[in-house]
Every structure is written in C-alpha cells, then in structure tokens.
Amino acid sequence: MNYLVTGASRGIGAELVRQLVARGHQVIALVREPERASVPAGVEVLRCALDRVGDLLHLHTQLADRELDVLINNAGVLGKWTSLAEVDLDDARATFDVNVLGALGVTQAALASLRRRATRRIVAISSGMGSIRDNTDGGAYGYRMSKAALNMAVRSMAVDLAAERFTCVTMNPGWVQTQMGGAGAPVPVEVSARNILARIDALTPADN
C-alpha cells in the first residue's frame with residue numbers, strides 16, 4: 001500500500017514511517033526540513049512546511065501523478081502552554097496554521113491521489129486535549145482549540161466524502177514519549193505507532 005505521512009522527521013511520524021517500511025509499504029514522507037530528516041532507505045521525502053501556503057500549493061503538483069491508499073496527517077505543534085491571561089494570540093494562530101489549516105491543505109493536495117485507489121483512508125492524529133468533555137484542567141488554549149478544530153474538520157470530510165467511500169477518522173495516540181510528550185509520558189513511541197497502524201489496518205467505511 002501507498003502511504004503519505006506528515007511530520008515524518010521525528011516522534012510518532014518518524015516511527016510510523018519506520019514501521020510502514022518494515023512492513024513493505026511505500027511511503028512518502030512530508031517534512032519541514034528534508035536536509036535534517038533521517039528516514040529509512042526507499043522513502044521519498046518531500047519538503048512541505050504546513051504553515052506555508054506556497055508549500056501546500058506546490059504539493060498539489062508533487063502529488064499530481066501519484067496513487068495513495070492512506071494519508072496520515074500527523075504533523076503538529078504544541079504552541080505555548082498558557083493560562084487565559086497569558087494567551088499569545090500570534091502563537092495560537094501559528095498553532096492553528098500547522099495543526100488545522102496545514103492538515104486541511106495536505107488533504108486537499110492528496111485527494112486526487114487517494115481517489116485513484118479503492119482504500120481511500122484519511123487519518124488525523126489528534127489528541128485527548130481536543131476533547132471538550134474531557135477538558136477538566138483548562139489552559140493550553142491554542143493547542144486544545146486546534147485539536148478540537150481538527151476533529152471538526154475531519155468530521156466534515158467524513159460527511160463530504162462518504163459517497164465516495166472514503167474513511168475519515170481522527171485518532172488519539174495517547175500521551176507518548178516524544179519531544180512534545182516528554183520523557184515522562186507513559187506510552188513508548190513504538191507502541192503508539194504500532195497501535196495506530198493496527199487501527200488503520202482495521203478501518204472500514206463503517207468507521208467513517
């Protein structure tokens with residue numbers, strides 16, 4: 001199968017790419033700085049900063065003749081972890097640019113490639129921090145809002161693409177031992193990536 005993975009230079013994204021290649025899949029890795037990315041042999045690396053409109057527009061051209069089975073919108077930034085009084089609006093906008101609008105732009109660029117295959121799966125790596133019901137601690141405004149917005153974007157994709165038998169879902173990877181999650185997180189990155197891929201493997205249009 002053919003996968004496109006964003007945020008593939010480190011953390012969950014890098015581990016997803018490693019495990020996919022080990023399983024024999026073809027992978028296109030989107031990274032902000034290809035010269036600093038370390039990926040397995042055979043992986044195609046494309047430059048795409050999700051907060052740059054020009055990069056997202058160029059991605060349409062780069063994917064023009066490709067066939068994709070699965071898009072994994074994994075890339076994300078944490079932004080500033082602040083109280084209400086300390087919210088930095090510029091930082092919150094930057095967080096939205098990557099976590100929400102970047103994922104939306106990549107999906108737009110990949111749609112034609114996904115339509116060339118029957119699998120048609122779009123997966124967004126969200127967070128428990130995006131849950132409205134589970135927010136009992138407050139704070140973290142930019143990140144929380146961006147993940148809630150990402151969930152809504154994927155919900156709209158699920159409705160809009162249902163007739164074409166797309167499966168569009170968000171996934172909570174858990175609190176993972178990455179640069180973002182910190183060394184004290186309970187879930188090793190290898191375990192999180194393995195669980196994500198197992199869930200992707202099991203998806204059907206009924207999960208849309």
Side-chain angles (χ1 to χ4, degrees), residues 3-20 23 27 29-30 50 69-82 92 95-107 110 114 119-162 166-208:
Y3 285 75
L4 174 63
V5 181
T6 72
S9 62
R10 65 186 186 189
I12 294 173
E15 183 60 22
L16 287 170
V17 170
R18 189 191 70 78
Q19 292 190 22
L20 286 168
R23 292 166 54 172
V27 181
L30 260 59
L50 300 194
D69 292 284
V70 182
L71 164 62
I72 304 178
N73 274 313
N74 163 77
V77 295
L78 186 60
K80 294 180 180 178
W81 204 269
T82 64
T95 303
F96 260 77
D97 280 345
V98 174
N99 294 359
V100 187
L101 301 180
L104 192 60
V106 171
T107 303
L114 289 161
T119 316
R120 300 183 180 186
R121 294 174 188 164
I122 298 173
V123 177
I125 304 304
S126 186
S127 169
M129 296 290 289
S131 169
I132 293 173
R133 182 185 64 186
D134 291 345
N135 181 3
T136 59
D137 298 323
Y141 282 82
Y143 186 72
R144 285 189 188 278
M145 292 188 300
S146 73
K147 289 301 186 179
L150 177 64
N151 294 343
M152 183 57 77
V154 176
R155 173 58 179 163
S156 286
M157 292 175 199
V159 174
D160 292 343
L161 298 172
F166 273 77
T167 303
C168 306
V169 302
T170 61
M171 293 187 184
N172 177 6
W175 183 10
V176 186
Q177 296 169 7
T178 62
Q179 183 176 353
M180 182 183 292
V187 182
V189 67
E190 297 86 356
V191 173
S192 178
R194 184 166 65 247
N195 290 341
I196 289 169
L197 294 180
R199 192 69 188 91
I200 292 173
D201 289 343
L203 288 174
T204 73
D207 298 306
N208 193 34

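These values consider heavy atoms only, across backbone and side chains, with no hydrogens, waters or symmetry-generated copies. Quick caveat: nothing in here was measured; it's all calculated off a predicted structure.
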Backbone N or O of E190 within a donor-acceptor pair of the Q19 side chain at under 3.5 Å? yes
Measure across P173 and I125 and return the closest heavy-atom pair with its distance rounded to 0.1 Å. CG-CG2, 3.7 Å
Which atom pair, heavy atoms only, marks the closest approach of M129 to W81? CE-CH2, 3.1 Å
Given L30, which partner from the list N74, L71, I72, T6 fulfils the side chain to side chain contact (heavy atoms under 4.5 Å, CB included) test? T6
Those residues at least two apart in sequence (or on a different chain) that pass side chain to side chain contact (heavy atoms under 4.5 Å, CB included) with V77 are T95, V98, N99
Less than 3.5 Å apart, which donor and acceptor atoms pair up between the side chains of residues 198-208 and the rest of the protein, not counting sequence neighbours?
from : atom 1 : to   : atom 2 : distance (Å)
D201 : OD1    : R23  : NH2    : 3.0
D201 : OD2    : R23  : NH2    : 2.5
T204 : OG1    : A206 : N      : 3.2
D207 : OD2    : T204 : N      : 2.9
N208 : OD1    : C168 : N      : 2.7
N208 : ND2    : A158 : O      : 2.8

Would you please test L161 and I122 for side chain to side chain contact (heavy atoms under 4.5 Å, CB included) and show each step? CA-CA 10 Å; L161 298 172; I122 298 173; 3.9 Å; yes
Applying the side-chain hydrogen bond (donor to acceptor under 3.5 Å, both in side chains) criterion to S126, which one of N73, N151, T170, N172 satisfies it? N151
List the atom of V5, the atom of G13, and the distance in Å for their closest heavy-atom pair. CG1-O, 4.1 Å
Mind listing the closest non-hydrogen atom pair of L50 and A75 along with its distance? CD1-CB, 3.6 Å
Checking the side chain of K80 only, and the main-chain atoms of Y141 only, is there a donor and an acceptor separated by less than 3.5 Å? no
Separation of M152 CE from L150 CG (nearest 0.5 Å): 11.5 Å
Roughly how far, to the nearest 0.5 Å, is CG of L114 from CZ of R121? 11.5 Å
Begin from the C-alpha positions of M145 and F96 and carry the test side chain to side chain contact (heavy atoms under 4.5 Å, CB included) through to its verdict. CA-CA 8 Å; M145 292 188 300; F96 260 77; 3.8 Å; yes
How far apart are the C-alpha atoms of R144 and D137, what are their side-chain angles, what is the distance that settles it, and do they pass the side chain to side chain contact (heavy atoms under 4.5 Å, CB included) test? CA-CA 11 Å; R144 285 189 188 278; D137 298 323; 3.9 Å; yes
Partners meeting salt bridge (Lys or Arg N to Asp or Glu O under 4.0 Å) with D160 (sequence neighbours left out): none
Closest heavy-atom pair, S192 versus I12, reported as atoms and distance to 0.1 Å, is OG-CD1, 4.1 Å
Which heavy-atom pair separates K147 from S127 by the least distance, and what is that distance? CG-CB, 3.9 Å
